[in-house]
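Note that the coordinates shown come from a computational prediction; the quantities given were computed from them, not determined experimentally.
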Amino acid sequence: MKGLYCRAGVAGAEPKFVIQETTLPDVLGSHVVRVQVKACGLSPLDLKLLADIGIHRDLIPVGREVAGVILQVGDKVSFFQPEDEVVGILPLDSPCSGLCDIIDVDEHYLVQKPEKLSSACVAGALHDGICAYTALHTHARMAAGHTLLVMDGASSFGLMCIQLACYHGVKVMTTSHSPQKHTFLEQLRPSVGVQDPLVAKVIPVYNGLSDLLPVVLEETGGLGVDIVVDSGVRLQDEEEEEDESEETKLLPHKHDIISVLGVGGHWVTSHKDLQLDPPDCRLLYLKSASLSFLNHEVWTASSAQQGRYLHILKDIVEKMSAGVLRPQPEEAVPLYEATVAMETVQRHQKAKAVVQL
C-alpha cells in the first residue's frame, strides 16, 4: 500500500513530496477503526508548527482531511459499525497518509457523513469549515445582531464565514479582490429561506484600500464592526514594501483593521507573525477591543475539548448536507496527480486540492 509523504527541505530548500510504501498493523487498537478512503483534501503543510510542537520526522504524512467507509472496528469502538460512511481530520501526529487506500484512525477523530453529501465535497471543505467555526464561534462569540467584516469573502474560507454568519443572523460586510469576485459576492443568495443577499456591503479593494474605513463607518452608523476576520495582513506601509506581490498588496494593513473595529470589537487574525506597535495596542485599549489568533490545529493537537470538536465537525457536515453551507466546488484530481497537486498547494499557487481515490 502506498501513501504520499513530505520530506522536509534542509536550510530553506523546498520540501519534496514522495510516494512511499506503508503497512498497517495486523491487530486494530481498541478504539481504532480501519477506513477505506474515498476522498482526501490537501492543504499546505505548516512545517514550522510541526517542529514547534515537537514532531520531527524524516517523512511527514500528507493529506489529513479524509472521507471514506469503515471496513473494521476495534473491540471497544462505540460510535461506528462497519460500512458506516465517515469524515474527519487526521491528527498532527498521525503516522498514516490520508492518500493511502486504507488507513487506521482513532474513532474520536471521525463523525458520520450524511448520505447525500459527496466524499470529495466534504473532504475539500472540512478545513475551511473548521477555520470558520473556530474564528466565529470559539474566538469571536458571534451572536444575532452583530456586524462582521470578512476580508476576501470570495476565498473558500471567507465564503464559509459569510454563510455561517448569515445563518446566525449576523450582518456581513466583505472585501473583493477583483471585479469578477465583486460580482460573485453581490449575487450570493442563501439556498433556503428568504432570498435576500448574504452580504450587506461588498467593498472593492483591488483599486486600493482607501475606501475601507469610510464605507464601514457609513454602514455601521459610525460605530464600527463587532468582528473582523482576516486572511492575513500587511505589517508595513506600501512604501516600505516595494517588492511585495500583487496578492500581498490586497491585504489590509493592521491599522486599517483596528480602525474599523467598534468598541468591544474582536479581531480574529490568520497572520502567524503579527506584530503590533504601541500605537496599535493603544487604539485597541481605547476601544476595549480584543485580538485572537486563528490556529484551527489546536483541536487535534489537544484533547482538552474533544467533545466540542466532534460537535463542530458534526454540525459542519449537517449544515453542508442541508445546503446552509455551500463550499466552492473543487474539481477532484485522480490519485496519480496527487504529488503535483500537493506541490502546487504547498507553494500557495492554489488554496487547496481534493484527491479522489
Side-chain angles (χ1 to χ4, degrees), residues 43-44 124-125 127-129 131-132 135-136 140 147-166 170-189 197-220 224-225 227-261 267-274 294 296 325-331 344-353:
S43 300
H127 174 271
D128 294 314
C131 287
L136 296 177
T147 51
L148 165 69
L149 174 62
V150 178
M151 296 298 178
D152 190 15
S155 66
S156 53
F157 167 59
L159 191 59
M160 279 289 192
C161 288
I162 289 171
Q163 293 173 108
L164 185 62
C166 288
V170 173
K171 178 181 178 180
V172 180
M173 289 172 278
T174 188
T175 60
S176 59
H177 285 188
S178 71
Q180 294 78 16
K181 291 180 177 180
H182 190 92
T183 304
F184 166 75
L185 290 167
E186 286 188 327
Q187 293 176 349
L188 274 180
R189 298 290 187 276
L198 286 179
V199 181
K201 186 70 175 181
V202 183
I203 307 167
V205 297
Y206 42 89
N207 292 326
L209 279 159
S210 57
D211 292 338
L212 185 64
L213 180 58
V215 171
V216 169
L217 292 179
E218 182 181 351
E219 283 292 318
T220 58
V225 294
I227 306 166
V228 177
V229 177
D230 70 47
S231 297
V233 295
R234 282 188 297 110
L235 302 182
Q236 306 294 334
D237 293 327
E238 291 182 18
E239 297 80 13
E240 300 176 44
E241 297 185 357
E242 297 177 358
D243 58 344
E244 65 182 4
S245 66
E246 288 300 317
E247 185 178 340
T248 305
K249 289 179 181 178
L250 295 174
L251 294 176
H253 190 272
K254 57 185 178 181
H255 187 75
D256 295 329
I257 291 182
I258 297 173
S259 299
V260 301
L261 275 176
W267 171 18
V268 183
T269 183
S270 299
H271 201 291
K272 302 169 187 176
D273 303 311
L274 181 68
L294 177 58
H296 67 284
L325 296 178
R326 293 169 296 157
Q328 288 178 313
E330 189 72 32
E331 185 177 352
T344 305
V345 169
Q346 189 67 21
R347 289 195 295 263
H348 298 283
Q349 295 173 346
K350 191 178 182 183
K352 60 181 177 178

Exercise. Does L294 offer a backbone N or O that forms a donor-acceptor pair with the side chain of S270 under 3.5 Å?
Worked result: no
Seminar exercise, completed: ring-ring contact (aromatic ring centres under 6.0 Å, His included) filter on H182, not counting sequence neighbours, yields none
Exercise. Between I227 and V170, is any pair of side-chain heavy atoms under 4.5 Å apart?
Worked result: no
For this session: Answer yes or no: are there more than 12 heavy-atom neighbours, outside H271 itself, under 6.0 Å from its atom NE2?
Result: yes
Problem set entry | Crowding at CD, E218 (>12 non-hydrogen neighbours, <6.0 Å) | no
Problem set entry | For W267, the option from V225, L149, I257 that meets side-chain contact (heavy atoms from CB on, under 4.5 Å) | I257
Seminar exercise, completed: OG1 of T269 to NZ of K254, rounded to nearest 0.5 Å, is 11.0 Å
For this session: Apply side chain to side chain contact (heavy atoms under 4.5 Å, CB included) to the pair L212 and M151, showing each step before the final yes or no.
Result: CA-CA 11 Å; L212 185 64; M151 296 298 178; 3.8 Å; yes
Exercise. Any sub-3.5 Å donor-acceptor pair from Q163's side-chain atoms to L159's backbone N or O?
Worked result: yes
Seminar exercise, completed: Between K352 and A125, the two heavy atoms sitting closest are NZ-CA, 4.2 Å
Seminar exercise, completed: So CG of L136 and CD1 of I162: to nearest 0.5 Å the spacing works out to 10.5 Å
Exercise. At their closest point, which heavy atom of A135 faces which heavy atom of F157, and how far apart are they?
Worked result: CB-CZ, 4.5 Å
Problem set entry | Exercise: identify the closest heavy-atom pair between E186 and P197 | O-CB, 4.5 Å
Problem set entry | M160 CE to Q328 CD distance, which is reported to the nearest 0.5 Å | 9.5 Å
Problem set entry | Nearest atoms (heavy-atom pairs only) where V233 meets D230 | CG1-OD2, 3.4 Å
Seminar exercise, completed: Only residue of V172, T183, L185 satisfying side-chain contact (heavy atoms from CB on, under 4.5 Å) with V202 is L185
For this session: Please examine the side chains of M173 and T220, heavy atoms only from C-beta on, and report whether any two atoms are closer than 4.5 Å.
Result: yes
Exercise. Measuring from L250:CG to S178:OG, what's the distance to the nearest 0.5 Å?
Worked result: 9.0 Å
Problem set entry | Nearest heavy-atom neighbours spanning K171 and A200 | CE-CB, 3.8 Å
Exercise. What is the distance from atom CG of L164 to atom CG of D128, rounded to the nearest 0.5 Å?
Worked result: 12.0 Å
Problem set entry | Exercise: do D152 and S231 side chains pair donor with acceptor under 3.5 Å | no
Problem set entry | Interatomic spacing from OG1 in T147 to NZ in K201 - rounded to 0.5 Å | 15.0 Å
Problem set entry | Nearest heavy-atom neighbours spanning V229 and C161 | CG1-SG, 4.3 Å
